[in-house]
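This report refers to the structure that appears directly beneath it.
Below, read A as the first sequence line, B as the second, and so on, with proteins coming before strands; counting in each chain starts at 1. Here the structure is a predicted model, which means the values were calculated and not measured.
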Protein chains: 2
Amino acid sequence: MRYSRQRELILETLKNFENHPTAEQLYLRVKDQLPTLSLGTVYRNLNLLVELGQIRKVESTGSASVRYDARKDEHCHLVCLSCNSIIDIDLDYFNSVDSKIKDEFNFTVTEHEVVLKGICSKCSSAEK
Amino acid sequence: MRYSRQRELILETLKNFENHPTAEQLYLRVKDQLPTLSLGTVYRNLNLLVELGQIRKVESTGSASVRYDARKDEHCHLVCLSCNSIIDIDLDYFNSVDSKIKDEFNFTVTEHEVVLKGICSKCSSAEK
DNA sequence: ATAGCTGCAAAATGTTTGCGCGAAA
DNA sequence: TTTCGCGCAAACATTTTGCAGCTAT
């Protein structure tokens, strides 16, 4: 794979993102530093980076578009139904589940997509 | 809500589906019995039934489109990466997780979206 | 020099919606 | 008779793709 400034900036910007942005949000922010950037390039590079295992997709967030996550390791997401923020949490809880599923269903788990939805602490204190 | 033959057939057909069909797949099958049916109606009714809690959406399956599930209660899905079949399993594993998350993050979990991907027993025996 | 990557625009895909008609109450 | 739901088609939103030119190697 050849170097490209676009890809470098896309990855860099994703890493520095406070949230888990959509392709569009990422596009807008990278565009500030590289105004000729096109949205197609963002999609192409995000797909590439996912294939390379350098970033991850976050699905099931309720939003229409896929969100991206610069964390490489598998983890869970808490999605706040009120403010739509996403909190990352570790996944140790599920280590035991895989072998149980292997025993019971003879199904070999290789990937976990876990999204728990609810109300975050900020929203639950604000909501009274 | 007013009765409609379309909605009745859509729900009925979903219940009898062997898989977890997409809106399109459901549309094609219901159309056999009601050839004037339109795809828009299928979407409208599926959304309605989800709101009423009579069916569920299955997201994160890797497929581009949402799949629907006639099971009303929360449960987990095992998605086979080889044959794309989806297996339903119960979710007792996670009951303990919610309170842990409440303690640790003060986040109140109300919905679980859990998809575990891997290789099903049929595919793992076929694949050698 | 020559792949490979980009920008652009068009296409593809999945889902929603406005409208006028027909059907349920 | 009065709504509500339908069929149809157009609109919409997101993502992918073909192509011609530019850029890293």
If the threshold is 4.0 Å, N to carboxylate O, is there a salt bridge linking B:D73 and B:R71?
yes
Here's a test of your reading of the structure: between B:M1 and B:Y43, which maps to the more 5' nucleotide of DNA chain C?
B:Y43
Taking 4.0 Å as the cut-off, does a side-chain nitrogen or oxygen of A:N45 come that near to OP1 or OP2 on C:dC5?
no
With respect to the phosphate group of D:dC4, does any side-chain polar atom (N or O) of B:S4 fall under 4.0 Å of OP1 or OP2?
no
Taking the six-membered ring of B:Y68 as reference, does the NZ or CZ atom of B:R56 fall below 6.0 Å from its centre and within a 45° cone about the axis?
no
Do NZ/NE/NH1/NH2 and the carboxylate oxygens of A:E59 and B:K57 come within less than 4.0 Å?
no
From CG of B:N47 across to P of D:dC6 the rounded distance in Å is 12 Å
Mind calculating the distance between CG (A:L37) and P (C:dA9) to the nearest angstrom?
14 Å
Would you mind checking if B:E12 and B:K15 are paired as a salt bridge, meaning a charged N to carboxylate O distance below 4.0 Å?
no
Quick one: A:L48 CG to D:dT17 C1', roughly how many Å, whole number?
15 Å
Check this one for me: any side-chain N or O of B:T36 less than 4.0 Å away from OP1 or OP2 of D:dG7?
yes
A:Y27 has an atom OH; how far is it from atom P of C:dC8, in whole Å?
7 Å
In whole Å, what is the span from the CD atom of B:E24 to the P atom of C:dA12?
16 Å
Check whether any side-chain nitrogen or oxygen of A:Q6 sits under 4.0 Å from OP1 or OP2 of C:dG7, and answer yes or no.
yes
5′-ward residue of the pair A:G40/B:Y3 relative to DNA chain D
B:Y3
For A:R2 and D:dA24, give me the distance from atom CZ to atom P, rounded to whole Å.
9 Å
Between B:R7 (CZ) and D:dG7 (C1'), how many Å, whole number?
15 Å
Is the shortest side-chain N/O distance from A:S65 to OP1 or OP2 of D:dA13 below 4.0 Å?
no
Without decimals, in angstroms, what is the distance between B:R5 CZ and D:dC4 C1'?
19 Å
Kindly say if B:T41 contacts the phosphate of D:dG7, meaning a side-chain N or O under 4.0 Å from OP1 or OP2.
yes
Side-chain heavy-atom pair B:H77, B:R67 within 4.5 angstrom cut-off
no
Both B:R44 and B:A64 contact DNA chain C. Which one's nearest nucleotide lies toward the 5' end?
B:A64
